[in-house]
Amino acid sequence: MQKRIHELAGIEFNLNSPKQLAEVLFERLQLTGGKKTKSGYSTDAETLENLMNEHEIIGLILEYRTLAKLKGTYLDGLIPLIDPKKDRLHSTFHQAVTATGRLSSSDPNLQNIPTRNEEGRLIRKAFYPTVSDWRLVSADYSQIELRILAHLSQDAHFIDAYKQKQDIHRRTASEVFDVPFEEVSSSLRDKAKAVNFGIVYGISDYGLATQLRIGRKEAQGYIDRFFEEFPAIREYQTKIIAEAKESGFVTTLFQRRRYLPELSSKNYNLRSFGERAALNTPIQGSAADLIKIAMIQLQQEIEKRNLKGRILLQVHDELVCETPREEEELFKVLMKETMEQAIQLSVPIVVEVYSGDNWYELQK
DNA sequence: GCGATCAGCGCG
DNA sequence: GATCGTGCTGATCGC
């Protein structure tokens, strides 16, 4: 693949160097340069995708990047970290690193093992239980951040949607685009999903426009419609920012604080960043509080019942355990119940459970 | 030679 | 200028 790319470029160069790649694409091949970095033209995936029709080299570069990432980080990168005595890989979880209260994981990071693309997802086959014939059981919170937003804002429509077990993205699409719930197309649902996620992060019209590849005016229209239909969310967000500016910090459901000195900056960008963090932290941080409480309770249940199975990993909204086959069904029930009942919100908390022989095969 | 930084990209 | 929170790799910078 590398050879073919060099042939198409008409020159040999280091394909891993964004600087050299930019020179080849934007000077030698005269492709249309777009976004800039500190030092020159960007060659990131988004930029390259916009050049797909300009040159056949682009698709190959994107494919090379995907494979180089997988090989470098997840094959060559993980193998030396396997403890040869135990044939086992151990990560370190950090409890006091992030600003929101999440855990982080390093050496290696096991919270970013691929899942979004099939090629990468195959890496998960390498993660399987310590004992042959044991099973992996995983449980993840369904849309926990949007449920926490419903709880914090007390928005009647959001709470109603979750109480009725409605598909929230479809509900948002129905409200924002003013179409009957049953008639929402998948493309409208995708747009609404981007709006819902954007709201959690404090998105701008520009950010949403970029994400959806639409105009800024149109994006602003969606945001306006969202807040018209879910007025309590706007009121909640306005109040959070005002309180944060007054006190200097925001809090999570269990009173974890994040100080945000950026909120009083004279620099617009820094101040805006502070405002977005003020909106996101109570949500992301409360979800972190929740799963930590659930982890403590689950561990207590495991010890109380003298179970052989054990917790292996936490991935922000997901727990992964390994269990003897005889404990598989019990773990599924315990994990679901413990995680769903760890705290009470104004909306139901829903946990999906899966099991399988390895981290790739997990099924309901 | 080595640590820091940059660009890019993996995850929730 | 432009959506939050992370960690790792390879290239490059700078001492």
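Lettering of chains follows the sequences in order, A, B, ..., and the numbering in each one begins at 1. Not measured: the values here are computed from a predicted model.
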Given [options], identify the nucleotide with an atom nearest to the side chain of [X].
X         : options                   : value
Ser42(A)  : dC8(C), dG5(C), dG8(B)    : dG8(B)
Asp44(A)  : dG1(C), dT6(C), dC9(B)    : dC9(B)
Asn112(A) : dG12(B), dT12(C), dG10(B) : dG10(B)
Asn280(A) : dC4(C), dG12(B), dA2(C)   : dC4(C)
Phe273(A) : dC4(C), dC8(C), dC9(B)    : dC4(C)
Thr73(A)  : dT9(C), dG8(B), dG10(B)   : dT9(C)
Ser17(A)  : dG12(B), dG8(B), dA11(C)  : dA11(C)
Gln284(A) : dC4(C), dT6(C), dA2(C)    : dC4(C)

Base, sugar-phosphate, or nothing: which does [X] touch, judged by heavy atoms less than 4.0 Å apart?
X         : value
Ile113(A) : sugar-phosphate
Thr210(A) : nothing
Arg258(A) : sugar-phosphate
Ser272(A) : nothing
Ala288(A) : nothing
Ala45(A)  : sugar-phosphate
Gln20(A)  : sugar-phosphate
Thr43(A)  : sugar-phosphate
Asp76(A)  : nothing

- prompt: Just by distance, do the side chain of Glu322(A) and the backbone of Arg310(A) share a donor-acceptor pair under 3.5 Å?
  reply: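 It does not hold such a pair.
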
task: Please find out if less than 6.0 Å separates the ring center of Phe177(A) from that of Tyr222(A).
output: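 Yes, ring centres under 6.0 Å apart.
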
message: With hydrogens left out and only the distance checked, is there a donor-acceptor pair under 3.5 Å joining Asn109(A)'s side chain and the base of dG7(C)?
response: no

Just to confirm, is there a sub-4.0 Å distance from OP1 or OP2 of [N] to any side-chain nitrogen or oxygen of [X]?
X         : N       : value
Arg116(A) : dG12(B) : yes
Lys69(A)  : dG10(C) : no
Thr100(A) : dT6(C)  : no
Arg276(A) : dC4(C)  : yes
Thr115(A) : dC11(B) : no

message: Return the pairing partner of dA7(B) with a 3.5 Å limit on both distances, Watson-Crick or G-U wobble; otherwise return none.
response: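 Its partner is dT9(C) (Watson-Crick or G-U wobble, both distances under 3.5 Å).
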
query: Between Tyr41(A) and Phe26(A), how do the two ring planes meet: parallel, tilted or perpendicular, split at 30° and 60°?
result: tilted

message: Which label fits Tyr162(A) and Phe158(A): parallel for a plane angle under 30°, tilted from 30 to 60°, or perpendicular past 60°?
response: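 Rings of Tyr162(A) and Phe158(A): perpendicular, as their planes differ by over 60°.
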
statement: Residue pair Tyr206(A)/Ala277(A) against DNA chain C: nearer the 5' end by closest nucleotide is Tyr206(A)

dA2(C) versus dA7(B) - spacing of their P atoms, nearest Å: 13 Å

task: Treating Ile, Leu, Val, Met, Phe, Trp and Tyr as nodes and any side-chain heavy-atom pair under 4.5 angstrom as an edge, say whether Val315(A) and Phe197(A) lie in one connected cluster.
output: no

